[in-house]
> 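Encoded as structure tokens, here's the structure I'll be asking about.
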Number of protein chains: 2
Amino acid sequence: MPRSQATDLYAVRENNLSLVLNMVRRAGAISRADLVRQTQLSATTVSALVNVLLESGFVVETGIGESSGGRPPIMLAFVYEARHVLGVEMGATHLTAVLMDLHGQIIGRQYQQFATLANPTGSINQITQLLQMIIAAAAINPSHLLGIGLAVPSPLDGENLDQLSTVIMPQWAGYDLKATLQPLFKLPVYLENDANAGVIAEQWWGRGRDYANLAYIKLGTGVGSGLIVKNEVYRGDGGTAGEIGHTTITSDGPLCRCGNRGCLESFVGAPALIAEVNQHRQINGEAAVHSINDIVAAANQHDPICRQVIDKAGAYLGIAIANLINLFNPGLIVLGGELAAAGNLLLTPVHQAVTQRAMSKAASEATITTSQLGANAIAIGAGTLVIHHAFQPANLGLTLGMKGR
Amino acid sequence: MPRSQATDLYAVRENNLSLVLNMVRRAGAISRADLVRQTQLSATTVSALVNVLLESGFVVETGIGESSGGRPPIMLAFVYEARHVLGVEMGATHLTAVLMDLHGQIIGRQYQQFATLANPTGSINQITQLLQMIIAAAAINPSHLLGIGLAVPSPLDGENLDQLSTVIMPQWAGYDLKATLQPLFKLPVYLENDANAGVIAEQWWGRGRDYANLAYIKLGTGVGSGLIVKNEVYRGDGGTAGEIGHTTITSDGPLCRCGNRGCLESFVGAPALIAEVNQHRQINGEAAVHSINDIVAAANQHDPICRQVIDKAGAYLGIAIANLINLFNPGLIVLGGELAAAGNLLLTPVHQAVTQRAMSKAASEATITTSQLGANAIAIGAGTLVIHHAFQPANLGLTLGMKGR
DNA sequence: TAACTTTCTTTGGACAGTTGACAAAGTAAG
DNA sequence: CTTACTTTGTCAACTGTCCAAAGAAAGTTA
């Protein structure tokens with residue numbers, strides 16, 4: 001059932017300009033002739049569009065390339081330092097803010113422990129402070145900041161999916177994070193769920209570059225996932241898609257905080273794993289662990305209890321992933337969050353469960369891996385959100401500093 | 001990560017023409033002035049595009065509408081009989097072929113019991129025969145046939161997802177259904193998985209008209225689902241998305257034919273339900289049931305065993321649907337297949353399980369219902385596939401019979 | 001009857017990408 | 001070195017898009 005939008009000539013220009021710009025950005029260095037071949041546009045049009053980009057400063061000519069039997073091409077390069085973006089991960093108990101260039105390189109970073117859930121005003125102030133410190137510390141032109149991306153530990157709600165969920169974060173009812181920060185910095189502010197920020201980071205800078213459909217599973221206190229479908233974040237009708245943490249693994253399992261029984265989160269959420277390890281440790285008279293990091297570290301030191309707990313978690317996780325594969329058939333699944341640091345200790349039982357439980361074709365074609373982006377992954381994803389929006393056709397005029405219509 | 005396509009001026013025209021045509025089609029009757037308001041195009045452009053459509057015969061002026069305080073509008077109507085399409089449901093044990101107009105109205109129908117899985121050549125011949133009979137019987141202009149849609153009981157495979165899966169239908173290896181029928185009828189042929197055809201039918205002609213994200217669950221011998229994401233069928237990376245039948249409901253349940261344990265299909269697939277009813281009936285010395293239809297009929301006659309079996313199936317189905325809602329957060333879920341005829345006997349336990357198990361916001365926002373399209377739903381969906389393609393911007397020139405560029 | 005509103009068409013123009021000719025700058029071969 | 005060829009990139013003329021403005025058509029309202 002088609003439901004498209006009207007197109008005019010400005011839209012054509014925007015679309016083709018975006019196409020060329022993103023091709024240069026992805027390639028890093030490329031000639032006009034190659035752009036002609038890859039875009040299917042005429043040489044004239046490519047030349048004209050490239051001239052616009054050269055004037056904007058996002059693209060430069062870097063010299064002469066290698067001849068392929070005729071006149072050698074003039075190489076064009078994307079200027080990844082032409083603009084910068086800010087990304088913030090608002091966790092339940094911490095804030096991470098990063099300043100990035102257009103290549104996802106971190107130029108500045110601030111970290112702060114902070115109990116965000118119960119303190120909206122304080123959180124907003126803290127975020128503001130962290131961002132101001134980063135900007136002050138970095139030697140960049142403030143007018144070259146494209147915007148602020150915010151990853152939050154809540155599904156998005158509201159008419160435009162740009163509000164925090166008052167169900168998950170009741171104390172934030174009445175606070176509008178986006179509308180508050182926007183005037184303070186005079187920059188566009190984009191909100192996104194943390195797992196969605198994770199999947200964006202993976203598709204832009206991680207292993208997801210070549211996948212149109214992928215999932216990111218964030219293993220933390222809660223267990224959530226971000227889905228990219230046909231190269232776009234998929235939020236579902238109400239903004240809560242990807243709630244893999246509360247899918248049923250076994251219909252009569254333990255009671256979950258959501259009221260259901262046998263949820264994935266009640267098996268592999270951080271509290272469950274920590275409690276399980278400590279139960280054994282108490283019996284053995286050993287010191288308790290306090291975080292997933294402790295468990296992973298101990299497992300790496302061959303602690304048998306921790307290894308066993310991780311192994312079991314992987315088996316349960318594998319069931320949920322098998323369901324995800326059957327339903328969603330993604331090309332790639334990336335595991336993130338603290339537990340992902342366990343690497344193969346986690347991946348091995350996951351693979352085993354998936355092979356056993358998912359439809360063989362979909363399972364054998366899906367790659368499952370742990371994230372390589374480290375602790376800043378979510379903040380990086382938040383910043384990437386800004387880049388994504390800035391380079392959308394409709395926003396390109398603003399980003400490049402072109403005069404309005 | 002943007003990955004769009006180059007746009008030229010023909011594409012602009014195609015897009016806007018498609019926009020206007022589909023708006024007229026959906027509205028049934030509408031004035032140029034209303035098209036201007038809804039499309040955001042200029043009055044000039046709308047007039048020009050409407051003239052093209054009038055010439056093509058897909059749209060006619062039907063008279064004068066009601067004035068809203070000024071000159072009364074000239075009403076435009078879509079001509080749903082301008083073209084026709086053929087749709088075929090190839091089931092495991094039967095073939096249904098329909099001839100439809102552009103309103104989804106069935107003009108002709110043929111049904112034939114046929115064991116398709118083991119007999120590719122025979123199936124193709126049978127399909128050919130049924131279609132030829134329908135065409136011969138109907139008083140339509142053969143040159144006004146837009147194409148043939150085929151729904152098959154298999155995920156799609158191959159480079160372009162236009163082949164049957166050799167895993168599910170091994171005896172069809174080496175047969176190319178699409179390439180065989182295309183030259184016979186000299187018409188475009190489109191292949192689709194049966195559950196996907198079901199979800200297309202629901203979005204076009206059923207309760208899904210106003211939903212961008214919806215799921216259709218086909219309850220038959222197997223259990224599969226079709227997903228529409230952002231108004232397009234979603235097939236996943238390998239063409240197997242929507243395999244809800246083999247999601248794990250309970251990690252240590254009965255063995256399924258797929259080798260896994262506790263699959264939804266092993267609880268609510270037709271063989272399981274029939275066996276369960278008959279087990280009770282044998283004890284009671286009653287006659288055995290042979291189909292889901294038998295069970296539903298008995299349940300409607302207040303047979304306690306059949307009611308109990310349906311009730312239990314609904315509870316299991318509800319668990320899978322809760323998982324689907326948590327992951328995909330669709331606005332609508334339609335239950336189809338023979339078992340859907342049980343109506344509220346099935347829906348009540350499904351709703352109960354979903355309320356208990358899915359995240360409350362997503363669950364309360366999702367509508368779950370049974371299909372109203374009847375036994376021809378899948379064949380109708382197959383035919384609709386042709387309409388969908390014919391009205392895509394890129395194919396509009398051909399459909400309207402316009403001269404090439 | 002005159003003024004107003006709404007619908008639809010006509011006219012002229014701005015601007016998109018394209019085609020084809022051509023300039024620029026190399027390679028390949030005698 | 002010279003000539004022929006290839007590849008890269010630009011320029012001018014052109015086709016075809018949508019749009020804004022003006023106006024014609026056909027009603028309502030007072």
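Chain A is the first sequence line, chain B the second, and so forth, proteins listed ahead of strands; every chain is numbered from 1.
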> What I want to check is whether the side chains of B:Gln203 and B:Asn231 have a donor and an acceptor closer together than 3.5 Å.
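B:Asn231 and B:Gln203 do have a side-chain donor-acceptor pair below 3.5 Å.
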> Just call it for A:Ile74: base, sugar-phosphate, or nothing, with non-hydrogen atoms closer than 4.0 Å on any strand.
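Here A:Ile74 touches the backbone only, sparing every base.
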> Which nucleotide wins on minimum distance to the side chain of B:Pro73, given the candidates C:dT7, D:dC18, D:dG27?
C:dT7
> Look at B:Arg37 and C:dT7 and indicate whether a side-chain polar atom (N or O) is within less than 4.0 Å of OP1 or OP2.
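For B:Arg37, the contact criterion (side-chain N or O under 4.0 Å from OP1 or OP2 of C:dT7) is met.
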> Whether A:Ser67 contacts C:dG26 is assessed here as follows: a side-chain N or O lying under 4.0 Å from the phosphate OP1 or OP2. Is that the case?
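The answer is no; no side-chain N or O of A:Ser67 sits under 4.0 Å from OP1 or OP2.
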> Starting at the 5' end of DNA chain D, which residue's closest nucleotide do you reach first, A:Gly70 or A:Ala48?
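Looking at DNA chain D, the more 5' nearest nucleotide goes with A:Gly70.
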> Using atom CD1 of A:Ile64 as one end and atom P of D:dT8 as the other, report the distance to the nearest whole Å.
12 Å
> Taking only N and O in the side chain of A:Arg13, is any of them less than 4.0 Å away from OP1 or OP2 of C:dG17?
yes
> Verify the neighbour count for atom CD of A:Glu81: are there more than 12 heavy atoms of other residues, nucleotides or ligands below 6.0 Å?
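Check passes, neighbour count above 12.
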> Is there a side-chain contact between B:Ser68 and the phosphate of C:dT6, meaning an N or O under 4.0 Å from OP1 or OP2?
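No.
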> Taking the inter-plane angle between the rings of B:Phe328 and B:Tyr234 on a 0 to 90° scale, is it parallel (under 30°), tilted (30 to 60°) or perpendicular (over 60°)?
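B:Phe328 vs B:Tyr234 ring planes: tilted.
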> How many whole angstroms separate atom CG of B:Leu76 from atom P of C:dT7?
13 Å
> Which one, D:dA21, D:dG16, C:dT18, comes nearest to the side chain of B:Thr44?
D:dA21
> Verify the contact: side-chain N or O of A:Asn16 to OP1 or OP2 of C:dA16, cut-off strictly under 4.0 Å; return yes or no.
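Result: no.
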> Whole-Å distance between C:dC8 C1' and B:Asp34 CG?
13 Å
> Could you tell me if B:Thr399 and B:Asn395 have a donor-acceptor pair between their side chains, going purely by distance under 3.5 Å?
no
> In whole angstrom, what separates A:Leu49's CG from C:dG17's C1'?
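Roughly 9 Å, once rounded to whole Å.
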> Indicate the ring-plane relationship of A:Tyr80 and A:His103, choosing parallel, tilted or perpendicular according to the 30° and 60° boundaries.
parallel
> Counting side-chain heavy atoms from CB outward, which of D:dG9, C:dA16, D:dC19 is closest to A:Leu9?
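Of the candidates, C:dA16 comes closest.
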> Could you tell me whether the side chain of A:Arg71 has a donor or acceptor atom within less than 3.5 Å of a complementary atom in the base of D:dT7?
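Between D:dT7 and A:Arg71, which were checked side chain against base, a qualifying N/O pair under 3.5 Å is absent.
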> Where the side chain of B:Thr45 is defined as all heavy atoms beyond and including C-beta, which of D:dC19, D:dG27, D:dT8 is the nearest nucleotide?
D:dC19
> Measure from CD on B:Glu66 to C1' on D:dA26 and round the result to the nearest Å.
15 Å
> With nearest nucleotides of DNA chain C determined for A:Gly69 and B:Ala43 from heavy-atom distances, which residue corresponds to the more 5′ nucleotide?
B:Ala43
> If I take atom CG in residue B:Leu35 and atom P in nucleotide D:dC19, what distance separates them, rounded to the nearest angstrom?
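Taking CG of B:Leu35 and P of D:dC19, I get 14 Å after rounding.
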> Measure up the A:His389 and A:Tyr190 rings against each other and bin them: parallel (under 30°), tilted (30 to 60°), perpendicular (over 60°).
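The rings of A:His389 and A:Tyr190 lie parallel, inter-plane angle below 30°.
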> Report the distance from atom CD1 of B:Ile30 to atom P of C:dT6, rounded to the nearest whole Å.
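The answer, rounded to whole Å, is 18 Å.
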> What's the closest nucleotide to the A:Leu41 side chain, out of C:dT18, D:dC18, C:dA25?
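Of C:dT18, D:dC18, C:dA25, C:dT18 is nearest to the side chain of A:Leu41.
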> Between C1' on C:dA16 and OH on B:Tyr10, what's the gap in Å once rounded to a whole number?
12 Å
